[in-house]
Amino acid sequence: MIRTRFAPSPTGYLHLGGLRTALYTYLYARKHHGTFILRIEDTDQEREVPGAVQKIYDSMHAAGLTYDEGPDVGGDYGPYIQTQRRDTYPQYAKQLVESGGAYYCFCTKERLDEARAEADKKGEGFKYDKHCLHLPKEEVQRRLEAGEPHVIRQNVPLSGTASFEDALYGHVEVDCATLDDNVLIKADGLPTYNFANVIDDHLMGITHVMRGTEYLSSAPKYNLLYSSLGWTPPVYVHLPVVMADSTRKLSKRHGDPSFEDLLEMGYLRDAIINFIALLGWSPRSEREFFTLQELEQAFDLEGLSKAPSIFDMTKLTWFNGEYMRKLSPTEYLQIATPWFKKVLDPAKIDFNRLAELLQSRTEVLKDIPDMVDFFAAMPAFDAELYTHKKMKTDPAVALDALTKMRPVLDGIFDWTEAAIHDALMTAIAEAGLKNGQVLWPLRIAISGKASTPGGAIEIAYLLGKDETLARLDRSIAQLKQ
RNA sequence: GCCUCCAUGGUCAAGCGGUUAAGACGUCGCCCUCUCACGGCGAAAACAGGGGUUCGAGUCCCCUUGGAGGUGCCA
């Protein structure tokens, strides 16, 4: 039975790299009918962000990544929040101390910082000198009893190698001599990630660990822990990072959007998931559209890529446009309406028709207000907009056409698109003009914009007869000046 | 600095010893058309460099270069 876990630390938002890790982890479990678990890694008390845990639940829910076990859904392996498991770690640390796999260390932070600074100055890497490993047992005991602050460090062998097998990267091996004796239990009694991940993954029966490559080089060290404890390590799958560009990884600090940001901008959940899934994984076919359910079937480790990939907002936007078009008219109307309302009055504009016209033109919801605000108020525009080579128009042609069409429009009683269309077409034919010579200037005259969602007829209908005529009169007057 | 990993168009990527080196986004052109989109058609655009192995290398090995990650009482 496969058990996977997504184990974020509560930093306040779900970044896209984290979302992808969560997605792959989820998909792998679903594909194999396994169990997907959410675990909160909050052992760094100093970095605690209020409300961040709730945000993680919300984001997972918004993404559609339902977990079978987790802090807010329960499960047989809880608690699923590491600070609530604080009492379970020390016993394993002590077990390691007894077997020689770890030792107490009383060195102060200050002393270590100094040593680190010195090593840095010499251009060398810092490595703890195992000073406290050699303390007499009695002294250790005495200082412990005296309540002296201390940590527990992993005792990495001075020679030999440590290694592990990664499902993606294969055999990864390092010389123990290059490894540092990491802190396992901090002075505050809480475990570091280096220790907690090993203990919890084992205790929670995790069979496959999927996580970012930032852990690739420390994984051999974790394997040392597994063997000291006499445990079998899980299958590891390290995932390459998601980059913002060729040199920088995605980060909120540099203004890169989080999953929540994307949602707020009007990117669709399914589009984001689809795009993210393909960022680092390929179905090895030409297919590019997948629902979450379809991904649950299609996903596999073979399609994973080893190189970091760059998050391309442009392609996400394209995906989003495609998903917009896939929506039923009703669904589109529903999600677009709040954005219409930011600039338009539903009593004055036919949202239904507007939605029909806008759906194929919408890439991201946040763009909607700028696309439709001219319905609320006629923007100022340059008369040069009337000039269009292909339509064979310029301000003079426009003035003539608009003047001729004014009474035609005024004569329409039943203000429907069909009626406007027929009346205009008849008049255009009678006047011996080309469609573009009339329709282009008319659209400009009543919208003031070079591009609009819909042509002159649709715009006129949406504006209503009175407003259309009022705008037309104003534009004609301006042309005469 | 040291350690680990990675390397096909601008981007995502297929390829897993023999191909005219797919496809998608983006870009450009044409068509459709009352604008812009949508849609259709087409074009430009890549195996980082050098050595091997092999009859044959984008595919395997080594070196160089470039990039990423790690080197925290952060995860």
Side-chain angles (χ1 to χ4, degrees), chain A residues 7-9 11 41-44 46-47 105 107-109 112-113 116 119-120 122-127 149-153 166 169 172-175 177-180 182-188 190-194 196-197 211-220 238 240-241 243 245-249 275 278-288 303 305-319 321 325 357-363 371 385 388 390-391 424 428 434-444 447 449-459:
Chain A
S9 59
T11 54
E41 311 224 326
D42 61 344
T43 55
D44 187 355
E46 289 174 22
R47 289 203 185 182
C105 174
C107 293
T108 63
K109 244 183 195 160
L112 295 171
D113 285 347
R116 222 184 296 275
D120 218 47
K122 283 193 247 170
E124 294 167 359
F126 171 78
K127 224 186 124 189
H150 63 276
V151 302
I152 296 178
R153 284 183 185 276
D166 188 273
Y169 292 94
V172 178
E173 183 172 298
V174 302
D175 283 333
T178 66
L179 266 20
D180 196 13
N182 286 130
V183 169
L184 265 20
I185 300 283
K186 301 184 273 188
D188 65 5
L190 282 167
T192 58
Y193 173 85
N194 301 109
N197 92 84
R211 54 157 65 136
T213 47
E214 58 266 33
Y215 301 112
L216 191 65
S217 53
S218 41
H238 286 88
V241 292
M243 310 285 289
D245 57 45
S246 60
T247 60
R248 221 186 72 226
K249 82 171 171 182
F275 172 68
L278 263 19
L279 200 63
W281 176 77
S282 163
R284 282 143 298 142
S285 72
E286 294 196 358
R287 181 170 175 194
E288 55 190 349
S305 140
K306 289 196 260 195
S309 40
I310 297 172
F311 183 87
D312 182 7
M313 200 69 171
T314 307
K315 186 148 189 181
L316 200 218
T317 300
W318 172 78
F319 259 111
R325 275 161 238 135
L357 292 169
L358 217 53
Q359 184 163 4
S360 73
R361 294 165 224 259
T362 309
E363 288 199 303
M371 296 169 81
L385 267 191
H388 192 291
K390 229 177 114 196
M391 298 298 133
L424 247 22
I428 289 169
K434 303 190 74 95
N435 286 353
Q437 289 179 299
V438 173
L439 269 6
W440 171 273
L442 179 56
R443 193 180 59 82
I444 299 298
S447 72
K449 296 186 87 164
S451 73
T452 52
I457 295 163
E458 289 91 2
I459 304 295

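A, B, ... follow the sequence lines: proteins, then strands. Residue 1 opens every chain. Please read these numbers as outputs of a predicted model, since none were measured by experiment.
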Q | Pair assignment for G17(B), Watson-Crick or G-U wobble, requiring both distances under 3.5 Å | A | none

Q: Whole angstrom is fine here: how far is it from CG in Leu357(A) over to C1' in C34(B)?
A: 13 Å

Q) Within this structure, what is the CD1-to-C1' distance between Ile444(A) and C34(B), rounded to whole angstrom? A) 10 Å

Q) Could you state the interatomic distance from CZ (Arg443(A)) to NE2 (His388(A)), rounded to the nearest 0.5 Å? A) 8.5 Å

Q) Which part of the nucleic acid does Arg443(A) contact within heavy-atom distance under 4.0 Å: base, sugar-phosphate only, or nothing? A) base

Q: Considering only atom C1', compute the distance from G51(B) to G1(B) and round it to an integer number of Å.
A: 28 Å

Q) Can you tell me the Watson-Crick or wobble partner of G29(B), both distances under 3.5 angstrom? A) C41(B)

Q) A57(B) pairs with which nucleotide, Watson-Crick or G-U wobble, both distances below 3.5 Å? A) none

Q.
Base, sugar-phosphate or nothing for Glu173(A)? Non-hydrogen atoms, less than 4.0 Å.
A. sugar-phosphate

Q) If you measure from the C1' atom in A68(B) to the same atom in C31(B), how many Å do you get, rounded? A) 45 Å

Q: Between A46(B) and U8(B), how far apart are the P atoms? Round to whole Å, please.
A: 14 Å

Q) Is C12(B) paired to anything, Watson-Crick or G-U wobble with both distances less than 3.5 Å, and if yes, which nucleotide? A) G23(B)

Q) Quick one: Lys449(A) NZ to C36(B) C1', roughly how many Å, whole number? A) 11 Å

Q.
Quick check for you: to the nearest 0.5 Å, what is the distance between Lys306(A) atom NZ and Leu216(A) atom CG?
A. 10.5 Å

Which atom pairs link the protein and nucleotides 24-30 of chain B when you take only N or O atoms and keep those under 3.5 Å?
{"from": "A24(B)", "atom 1": "O2'", "to": "Glu288(A)", "atom 2": "OE1", "distance (Å)": "2.9"}
{"from": "A24(B)", "atom 1": "O2'", "to": "Lys315(A)", "atom 2": "NZ", "distance (Å)": "3.2"}
{"from": "A24(B)", "atom 1": "N3", "to": "Lys315(A)", "atom 2": "NZ", "distance (Å)": "2.9"}

**Q.** Rounded distance (Å) that lies between atom P of C5(B) and atom CZ of Arg211(A)
**A.** 16 Å

(Q) By nearest atom, which of the nucleotides A37(B), C34(B), C12(B) is closest to the Glu458(A) side chain? (A) C34(B)

Q: Report the base-pairing partner of C73(B) (Watson-Crick or G-U wobble, both distances below 3.5 angstrom), or none.
A: none

Q) NZ of Lys390(A) to CH2 of Trp440(A): how many Å apart, nearest 0.5 Å? A) 10.5 Å

Q: In sequence, state the C-alpha distance, the side-chain angles, and the governing distance for Val183(A) and Asn194(A), and then conclude on side-chain contact (heavy atoms from CB on, under 4.5 Å).
A: CA-CA 8 Å; Val183(A) 169; Asn194(A) 301 109; over 6 Å; no

Q. Quantified in whole Å, what is the C1' atom distance between nucleotide A13(B) and nucleotide G50(B)?
A. 27 Å

Q | Distance-minimising heavy-atom pair for Arg211(A) and Asn197(A) | A | NH2-OD1, 2.9 Å

Q. Would you say the base of U35(B) and the side-chain of Lys390(A) have a donor-acceptor pair closer than 3.5 Å?
A. no

Q. Taking NE2 from His388(A) and P from U33(B), how many angstroms apart are they, rounded to a whole number?
A. 14 Å

Q: Kindly compute the distance separating CG (Leu358(A)) from OG1 (Thr452(A)), expressed to the nearest 0.5 Å.
A: 10.5 Å

Q.
If I pick the C1' atom on U59(B) and the same atom on U54(B), what distance separates them, to the nearest angstrom?
A. 13 Å

**Q.** Leu278(A) CG - A14(B) C1' separation (whole Å)
**A.** 12 Å

Q.
Using a 4.0 Å heavy-atom cut-off to protein, can you give one letter per nucleotide of nucleotides 66-75 of chain B, 5' to 3': B if the base is in contact, S if only the sugar-phosphate is, - if neither?
A. -SSBSSBBBB

Q.
Taking C25(B) as the reference, what is the distance to C16(B) when you measure between their C1' atoms (whole Å, please)?
A. 25 Å

(Q) So Leu190(A), base contact, sugar-phosphate only, or nothing? Heavy-atom distance under 4.0 Å. (A) nothing

(Q) Please find the pair of heavy atoms, one from Pro220(A) and one from Val174(A), that lie closest to each other, and give the distance. (A) CB-CG2, 4.0 Å

Q | Complementary nucleotide for A68(B) - Watson-Crick or wobble, under 3.5 Å | A | U4(B)

Q: In whole angstrom, give the distance that lies between atom CE of Met371(A) and atom P of U35(B).
A: 16 Å

**Q.** Non-hydrogen side-chain atoms of Pro149(A) and Thr108(A) separated by less than 4.5 Å
**A.** no

Q: Measure the NE2-NZ distance between His150(A) and Lys186(A) for me, rounded to the nearest 0.5 Å.
A: 14.0 Å

Q: In whole angstrom, give me the gap between the C1' atoms of G10(B) and C28(B).
A: 14 Å

**Q.** Gap between atoms NZ and C1', on Lys434(A) and U35(B) respectively (whole Å)
**A.** 17 Å

Q. Between Pro453(A) and Phe311(A), which has a closest nucleotide on RNA chain B that is more 5'?
A. Phe311(A)

Q. Any side-chain heavy-atom pair from Leu424(A) and Leu442(A) closer than 4.5 angstrom?
A. yes

Q: Give, for atom CD1 of Ile428(A) and atom CD of Gln437(A), the distance between the pair rounded to the nearest 0.5 Å.
A: 9.5 Å

(Q) What contact category does Gly212(A) fall into here, base, sugar-phosphate, or nothing, at under 4.0 angstrom with non-hydrogen atoms? (A) nothing

Q | Donor on one side chain, acceptor on other, Ser9(A) and Arg47(A), under 3.5 Å | A | no

Q. Taking the same atom, C1', in C55(B) and in A45(B), what whole-Å distance lies between them?
A. 33 Å

